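Please read all numbers here as calculations on a predicted model, not as lab measurements. The sequence lines fix the lettering, A, B, ..., with proteins before strands; numbering per chain opens at 1.
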2 protein chains.
Amino acid sequence: MKLSEHKIVEKKAEILTAAQVCFVEKGFHNTTINDICRESGMSAGNIYRYFDSKEMIIEAFAMEELQWMTTAIKDLPSSPDMLQAIVDTAFWTAATLMREGRPELNAELFAEAGRNPRISAIYSKFNRQLITEICLALEEIENNGLLVLRHERQSIAMLIISLVDGLVLNQIINTDLDIMTMRPVIETMVTSLFAKPAEDR
Amino acid sequence: MKLSEHKIVEKKAEILTAAQVCFVEKGFHNTTINDICRESGMSAGNIYRYFDSKEMIIEAFAMEELQWMTTAIKDLPSSPDMLQAIVDTAFWTAATLMREGRPELNAELFAEAGRNPRISAIYSKFNRQLITEICLALEEIENNGLLVLRHERQSIAMLIISLVDGLVLNQIINTDLDIMTMRPVIETMVTSLFAKPAEDR
DNA sequence: TCATTATGAATGATCATTCATTCATGATAT
DNA sequence: ATATCATGAATGAATGATCATTCATAATGA
């Protein structure tokens with residue numbers, strides 16, 4: 001009996017979940033197909049029915065992981081206090097990315113992007129989306145006139161993204177880096193990028 | 001004729017330089033000993049006279065790369081304008097780490113630290129040194145009384161480090177990220193962590 | 001029964017590591 | 001000065017392990 005499209009997606013997801021567990025502890029390249037077999041309870045041959053190669057598993061995984069990040073931003077609420085919304089989202093994103101082996105996966109993705117053009121392309125695409133999204137939010141801030149941006153929208157967006165990425169990755173080597181206690185500092189730094197219309201620069 | 005201690009160090013350095021070239025383009029795990037042979041013009045057997053294993057080459061390389069970072073900070077000048085010195089050093093460090101395949105190597109190091117306890121230990125050690133060094137500079141700022149820290153010393157140090165790391169790594173996936181145009185934003189963010197004594201918080 | 005899914009041993013490639021051998025150079029003896 | 005030796009440096013083919021991938025076969029179920 002042929003599997004429905006839906007069931008196929010489910011199977012793939014199952015494999016990717018197993019792969020993720022392996023990737024966290026061994027990284028992309030030290031994870032073997034057999035590791036993924038063990039973790040998913042599937043045979044090697046069967047995994048190859050759903051993915052053409054190990055490479056494709058890594059790619060699909062990267063897509064999924066990065067997709068997560070952009071959807072997280074997508075519902076950046078269009079609240080009256082847009083600045084607070086940005087700070088909250090940045091903080092929440094960092095906090096979420098710091099749980100459950102996520103920092104390790106992020107490091108793996110950066111490293112892979114550095115040498116694998118396909119992963120790099122995927123990452124770039126999502127990153128551009130992310131920047132665009134943040135810029136839109138910044139535009140909204142400018143338009144409502146309560147605050148002035150002290151720098152270019154693009155630059156501000158990149159800096160916020162970098163700050164979050166940096167915090168997440170540093171968690172790997174500094175396990176007692178507690179994001180909660182960082183909140184006030186993050187708030188100060190992000191807020192400093194804006195000024196009241198009167199004072200300007 | 002036995003090689004002098006000095007010559008041995010030189011040989012090792014030669015191998016590490018070749019390894020670095022390979023690591024940039026293929027990462028630690030896709031680099032083979034033969035790649036390093038080709039790049040260094042040495043035979044496999046000979047390389048094993050200087051390093052016990054590929055693992056040890058990676059470790060030695062990590063040491064060297066991280067050492068660089070701490071020495072860069074070590075001569076954080078004890079200038080009258082300590083705040084400016086910190087901003088300058090952060091900026092200069094980021095700018096330097098963004099050249100010549102360094103972002104790729106940094107990503108590789110983070111990824112490796114996430115799964116290899118020996119690399120993680122090395123990285124943690126250097127990171128602690130870095131934080132200590134920055135905290136000392138912050139203490140000096142507090143002592144001379146011209147500025148007040150708006151947050152804990154440790155937190156400020158970690159945030160600055162994270163910001164720099166994040167910028168460096170984002171360079172990998174955003175090749176038109178130009179650190180020069182980021183300078184004013186970095187300056188704003190770092191400066192925001194301090195206040196004049198009068199206003200305080 | 002037959003179409004499809006699943007298995008897992010077999011295949012072939014790649015690699016880290018080893019080791020028998022060669023090479024280079026300085027010391028020693030004539 | 002020349003020939004011989006000794007020592008450690010360097011080579012690169014061979015070894016053995018590990019893996020991604022394939023495929024002949026079995027299970028499943030409509």
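Among the heavy atoms of the strands lying under 4.0 Å from B/Y50 are primed sugar atoms or P, OP1, OP2 only; no base atom is included. Residue B/K7 is out of contact with every strand shown, counting any heavy-atom pair closer than 4.0 Å.
Along DNA chain D, the nucleotide closest to A/N30 and the one closest to A/G45 are compared, and the more 5′ of them pairs with A/N30.
Between A/K11 and the phosphate of C/dT5, there is no side-chain N or O to OP1/OP2 separation shorter than 4.0 Å. Taking only side-chain nitrogens and oxygens, B/S43 never comes nearer than 4.0 Å to OP1 or OP2 of D/dA10.
Regarding A/Y48, its OH atom lies at a distance of 15 Å from the P atom of C/dT7, rounded to whole Å. C/dT5 atom P lies 15 Å from atom CD of A/E14, rounded to whole Å. For the pair A/I57 CD1 and D/dC19 C1', the computed distance is 13 Å after rounding to whole Å. Between the P atom of D/dG12 and the CZ atom of B/R38 lies a distance of 13 Å, rounded to the nearest Å. If you measure from atom CD1 of A/I36 to atom P of D/dA20, you get 8 Å, rounded to the nearest angstrom. Spacing between atom CZ of A/F51 and atom C1' of D/dT21 amounts to 16 Å, rounded to whole angstrom units. Put simply, CG on B/N34 is 12 Å from P on D/dT11, counting in whole angstrom units. The nearest whole Å value for the distance from the CG atom in A/N46 to the P atom in D/dA20 is 17 Å.
Picking from C/dA6, D/dT22, D/dA10 the nucleotide with the shortest atom distance to the side chain of A/A44 gives D/dT22. Here the side chain of B/T32 is nearest to one of C/dA16, D/dT22, D/dC19, namely C/dA16. Considering only the side chain of B/S53, C/dT17 comes nearest among D/dC19, C/dC15, C/dT17. Checking C/dT5, D/dT21, C/dT17 against every side-chain atom of B/K54, the shortest atom distance belongs to C/dT17.
Applying the salt bridge (charged side-chain N to carboxylate O under 4.0 Å, His left out) test to pairs two or more places apart or on separate chains, those with a residue in residues 103-121 of chain B are A/E108-B/R115, A/R115-B/E108, B/E59-B/R118, B/E112-B/R115.
No side-chain donor-acceptor contact under 3.5 Å links B/S120 to the backbone of B/N116.
With salt bridges taken as basic N to acidic carboxylate O contacts below 4.0 Å, none links A/R183 and A/D178.
Atom CD of A/Q84 is surrounded by more than 12 heavy atoms from other residues, nucleotides or ligands within 6.0 Å.
Here the two rings, on B/F23 and B/F61, have centers that are under 6.0 Å apart.
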